[in-house]
Amino acid sequence: MPELPEVETTRRGIAPHVAGRTVRELVVRQRALRWPVPKALAERLRGQRIESVERRAKYLLLHAAPGAVIVHLGMSGSLRVLAPDVPVRAHDHVDLVLDSGKLLRFNDPRRFGCWLWQPAGSTHALLRGLGPEPLGDTFDGDHLWQRARGRKGPVKNFLMDQKIVVGVGNIYAAEALFRAGIAPGRAAGRVSRDRYVALAGHVRAILAHAITRGGTTLRDFISPDGSPGYFEQELAVYGREGEACRACGGDLRSVRIGARASVYCPRCQR
DNA sequence: CATCGGACCTGTTAGC
DNA sequence: TGCTAACAGGTCCGAT
């Protein structure tokens, strides 16, 4: 589910309810997520004031004085702000109970998400080596072009490599490549500088626009207030295999690249 | 270092 | 209708 726009939508949804609040307790019902939720996490958080909620790549960071909680939504995770009397449902693995009386509830059927701890002054290994934020100042076509020198793998994998640029997953990679007219299977090193400039612009535009739409809801993504995202209606290629290309009318085709379905238009994308 | 395949886990859907 | 297999938005890790 969650690529950058969904994580950012989540951040914006929870921040007003979480920032400035103090943690009453952390309730962990299922410790076995992508990595075990540290046993000491509840103790570390109890009584701490959450100062801010930051996003880095697809990670959410809940900052407190002694450190930060690192939350990743994995492929099926979601966070919701709820009243304490809302019944626990299947896959509600973690509750962060706040002094406002509300709680932040983490639900994740596939358990690919994580809740980890990062002591103040350190950078967790997961956050090291990440590429630039696609909506930040250091991301542009030149960056992509430089990093693509000598790379023979498909440009789609390159674009989804979090060391190159963060936040772009399968959906938005497919969409950005369509808009840029680049075939997803083309070798990353064989895309011109000009086309990388176009691609970077489309990545930026599509992510920014998807955020304004509240992200993409395919199956189970919901924002913290329970509403879905509305970007799905604007997808040009993702999930549209066999349907007509909105630009040329030809049939969209799906190929597997790196074990991921990759839909594209063979006529518009080269 | 780049690239590839497997792994983690459960729910939904396509196909027989 | 019912069972099984394939597939799903992420990304780490180890082997090559």
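In what follows, chains are A, B, ... by sequence order, proteins preceding strands, each numbered from 1.
Taking the side chain to side chain donor-acceptor pair (under 3.5 Å) definition, one finds that A:Glu43 meets it with A:Arg46, sequence neighbours left out. In this view, A:Arg190 satisfies the side chain to side chain donor-acceptor pair (under 3.5 Å) rule with no residue, not counting sequence neighbours. Listed by chain and residue number, nothing satisfies the side chain to side chain donor-acceptor pair (under 3.5 Å) test with A:Arg31 (two or more places apart in sequence, or in another chain). Partners of A:Tyr264 according to the ring-ring contact (aromatic ring centres under 6.0 Å, His included) rule, which considers only residues two or more places apart in sequence or in another chain, do not exist here. Scanning for side chain to side chain donor-acceptor pair (under 3.5 Å) contacts around A:Arg105 gives A:Asp95, with sequence neighbours left out. Annotation: ring-ring contact (aromatic ring centres under 6.0 Å, His included) contacts of A:Tyr59 (sequence neighbours excluded): A:His72.
The distance from atom CH2 of A:Trp117 to atom CG of A:Leu62, rounded to the nearest 0.5 Å, is 9.5 Å.
Between A:Phe178 and A:Cys265 there is a side-chain heavy-atom pair separated by less than 4.5 Å. Put simply, the side chain of A:Leu127 reaches to within 4.5 Å of the side chain of A:Leu61, judged on heavy atoms.
Protein atom CG of A:Leu73 is 19 Å distant from nucleotide atom P of B:dC9, rounded to whole Å. Between the CZ atom of A:Arg89 and the C1' atom of B:dG11 there is a distance of 14 Å, given to the nearest Å.
For A:Phe112 and B:dC9, the ring-to-base geometry does not satisfy the stacking test (centroid distance below 5.5 Å, interplanar angle below 30°).
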Filtered N/O pairs between nucleotides 14-16 of chain B and protein, under 3.5 Å:
none

Using a cutoff of under 3.5 Å, can you pull out all pairs of nitrogen or oxygen atoms linking the protein to nucleotides 11-13 of chain C, with atom names and distances?
{"unit_1": "C:dT11", "atom_1": "OP1", "unit_2": "A:His72", "atom_2": "NE2", "d": "2.6"}
{"unit_1": "C:dT11", "atom_1": "OP2", "unit_2": "A:Lys58", "atom_2": "NZ", "d": "2.8"}
{"unit_1": "C:dC12", "atom_1": "OP1", "unit_2": "A:Tyr59", "atom_2": "OH", "d": "3.2"}
{"unit_1": "C:dC12", "atom_1": "O4'", "unit_2": "A:Arg34", "atom_2": "NH2", "d": "3.1"}

Could you pull out the protein-nucleic contacts involving nucleotides 3-5 of chain C (nitrogen or oxygen on both sides, under 3.5 Å)?
none

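When all heavy atoms are compared, the tightest approach of A:Glu234 to A:Arg213 is OE2-CD, 2.8 Å.
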Give the table of side-chain donor-acceptor pairs shorter than 3.5 Å for residues 131-141 of chain A, with sequence neighbours excluded, one pair per line with atom names and distance.
{"unit_1": "A:Glu133", "atom_1": "OE1", "unit_2": "A:Arg55", "atom_2": "NH1", "d": "2.8"}
{"unit_1": "A:Glu133", "atom_1": "OE1", "unit_2": "A:Arg55", "atom_2": "NH2", "d": "3.3"}
{"unit_1": "A:Glu133", "atom_1": "OE2", "unit_2": "A:Arg56", "atom_2": "NH1", "d": "2.9"}
{"unit_1": "A:Glu133", "atom_1": "OE2", "unit_2": "A:Ala57", "atom_2": "N", "d": "2.7"}
{"unit_1": "A:Asp140", "atom_1": "OD1", "unit_2": "A:Asp142", "atom_2": "N", "d": "3.2"}
{"unit_1": "A:Asp140", "atom_1": "OD1", "unit_2": "A:His143", "atom_2": "N", "d": "2.9"}

Identify all side-chain donor-acceptor contacts of residues 17-24 of chain A below 3.5 Å with residues at least two apart in sequence or on another chain.
{"unit_1": "A:Arg21", "atom_1": "NE", "unit_2": "A:Asp99", "atom_2": "OD1", "d": "3.0"}
{"unit_1": "A:Arg24", "atom_1": "NH2", "unit_2": "A:Asp99", "atom_2": "O", "d": "3.3"}

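With B:dC9, B:dT10, C:dA8 as the choices, the nucleotide that has an atom nearest any side-chain atom of A:His91 turns out to be B:dT10. Counting only heavy atoms from C-beta on, A:Arg111 has its side chain closest to B:dT10 among B:dC4, C:dG10, B:dT10.
Nucleotides B:dG5 and C:dC7 are separated by 15 Å at their P atoms, to the nearest Å.
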*Could you spell out the base pairing of DNA chain B in dot-bracket, with Watson-Crick or G-U pairs whose two distances are under 3.5 Å, [ ] crossing and | to another strand?*
.|||||||.|||||||

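Across the interface with DNA chain B, nearest-nucleotide mapping of A:Arg151 and A:Arg110 shows A:Arg151 to be the residue nearer the 5′ end.
In this structure, A:Asp92 contributes its side chain and A:Arg89 its backbone to a donor-acceptor pair below 3.5 Å.
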